[in-house]
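Worksheet for the structure shown next.
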Amino acid sequence: MTPRRKTPTELRSHRWFGRDDLRSFAHRSRTKQAGFTAEDWSGKPVIAILNTWSDANSCHAHFRLRAEEVKRGVWQAGGFALEMPVLSVGETYMKPTTMLYRNLLAMEAEEILRANPVDGAVLMGGCDKTVPALMMGATSMNIPAIFLPAGPMLRGNWRGQVLGSGSDVWKYWAERRAGNLDECAWREMEDGIARSFGTCMTMGTASTMASAVEALGMTLPGASSMPAADSGHSHLASATGRRIVEMVWEDLKPRDIMTGDAFENAVTVAMALGGSTNAIIHLIAMAGRAGVRLDLDHFDALSRRTPFLANLRPSGQFLMEDFYYAGGLRALMTRIPDLLHQDAITANGRRIADNVEGATVSNEDVIAPRERPLNAEGGLAVLRGNLAPDGAVIKHTAMEPRLLRHTGPAVVFRDYNDLERRIDDPGLPVTADSVLVLQNAGPLGAPGMPEWGMLPIPKKLLQQGVRDMVRISDARMSGTAYGACVLHVAPESFVGGPLALVRDGDLVELDVAARRINLKVPDDEVARRRSAWKPRELPYPRGWVALYSKHVRQADKGCDFDFLEGTAPVPEPEIH
Ligand code: FES
C-alpha cells in the first residue's frame, strides 16, 4: 500500500502563509520583502537549514557553500529553503568545554524549529557536540529532519608521515615534553596536521557520532564517511536537500526512525569502529529524547558481542580518508549483518539492509574481515565498583594491554589547576605503577565535564620512557585520545561520589575483563572520610551556567537537562 502523503494545506507552514487573516498577510508581505514571490513558497514545504557555520569553527568552514548546495536540492525538489544559523559550538576555541553548551544548542534547535514556519529540517553539524545537540533538538520537535555531516578533513602530513587529528598531537606532545622533538619539527606539524576544512579525521567523537547517526538512519547512506573536501560531499548536500522535501510529504519523522532497534544499530556500529567514549553520553541523551531506554549496561552488552573491525586511529592505524576509500561505513556494516537490525527504516525511506546492499570492502587492512577482527570485542567497556557505583567507561582497545589488570597507589589531584601545578613537579611521589586520580572534573565540578580525562604523564616518567599509566576521573576524554583512562566516573566527585574520598597512597584496582574499578580502603575508613567531606561552591553561579548547574544530569544519564528529557509533545506556538 502506498503511504499517504500530506496535502499542502496540512503543512505546518500553512498556518503562517495560507490563511486569509492579518498575520498571514504580514508573513507573506515580509517574505516578499526578502525577494521571494508566492511561486517560491505557495503550497511548498518550508525547509529550515540549521547551519552551525561560524568563523570560530574551522571544521565547518565549508558550511556556507554546503548550505547553498542544500538549498539547490530543496528548490529542485519543490521546497522553500530558509537557512537559519545556530550556535556553532566549535570544539577548538570554546572553554572550558563545548560540552557545557551542547544542551544550549539542543534547546536553540528545538526552539528555532518550533517558533518558525518550518515543515522539515536539514541539520548541518559535524564538530563533536553539534551532532548530538542538533539531533536532540530535532528529535524533541519531531518534525521531519535529516542530518548532513560536515565530513572528515584530509589526512595530515609531516615530513612524509601521516598525521591524525588529536591522536598525533597527544603522541608528539609527549615526545616534546620528553625532550625528543625540537621546536622546528613541532611548528612543521602545526602547519601540516589540519590541511582542509572538515572534522577531525581520526575516529574521534565527530567521526563516531556521524557514523552513529548514519547507522541510526538519520542521514543518506554513506554520508558519514565522505571526506569534506571531496566533490561527492557537495553532491551529498544537494541530495540531502532533495530528500528532506520528500520526507515532509511522507511525514517521516525522527521518532519514526530512531527506534530501540535503530539505537542498537548505532551502538553496535560505534563499537565495531572502536569509537569515542563520548558517544556513550551523547547516544544516551539522544535516546532519552526519542523515548528509547538506553543505559550503560546496554553499551557493555553490545560491546561484548561486537568485533572491533575498523583499523583507525586512535585505536588503530589509518584515518577517515582511508576508511572512505576502503568502502566506508556501508562496507563495514556488510561485515556485521547478523548484529544489525536489518529492517530498521532510514531517512531515505529504505531499510538499512537496502542501503548497504552492493557495498564492498576494498582494503582489509583498514576494515578487517570478521574472522580476523582487530579485537574480538568492541572498543568500549563499562566498569563498576565501589569507586563508580553508577558506572565508568574505558576505551580498552586504545591502551597498553599490560594495564588491563592493574592495582596501584593513587596520586590525587583535587582539580585541574592542582594537576597543572604539580604534575611535572620533580618531587611528586609518582611511579609508573601509580594511578593518577583527578577530582572535580565532572558535569558540575568543572563544570561541563571537559576532556581532561587523558591526564598527562608526569614529565619525569616520560623521560624514563613511560607512555601509558592508569588514570581515573569524572571527566571525559577527547575521542582522538588514548591510554588507560577510566572516565565518566559516576556519581561525580563534586556531588560527593566516592571519587571525592580517594587520598594519596590508597590502592586502586582496575580489572577491565571483570569490568571492575575498586578503591581498596576499609569501609569504616571510607565512612569516616564521607562524614568529613564538604561540598564545594558551584564554580560559575550566573547566566547559562547557573541554569545548566541546576538541571544537568550525571554522565550515566547522558548529561541532558531534567526538563528536556522524554517525549512530551512540544507545544505549537499560537499565531495571533
Ligand atoms: Fe572539530 Fe575535532 S575539532 S571535529
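Just so you know, these numbers use all the heavy atoms, side chains as well, and skip hydrogens, waters and symmetry mates. Numbering of ligands and ligand atoms starts at 1, following listing order.
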| query | E565 and R553: salt bridge (charged side-chain N to carboxylate O under 4.0 Å, His left out), yes or no, with the steps? | reply | CA-CA 10 Å; E565 294 170 324; R553 307 262 270 147; 2.9 Å; yes
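Looking only at side-chain heavy atoms (C-beta outward), E377 and H396 come within less than 4.5 Å of each other.
Shown here are the protein N/O/S atoms lying under 2.8 Å from atom 2 (Fe) of ligand 1, water excluded: C200 SG.
Between the T98 side chain and the V89 main chain, no donor and acceptor come within less than 3.5 Å of each other. Of the possible polar contacts, one joining the H62 side chain to the A150 backbone as a donor-acceptor pair under 3.5 Å is found.
Under the side chain to side chain donor-acceptor pair (under 3.5 Å) criterion, no residue pair touches residues 192-201, with sequence neighbours excluded.
Of the listed residues (T97, T205, N278), just one forms a side chain to side chain donor-acceptor pair (under 3.5 Å) with E451, and that residue is N278.
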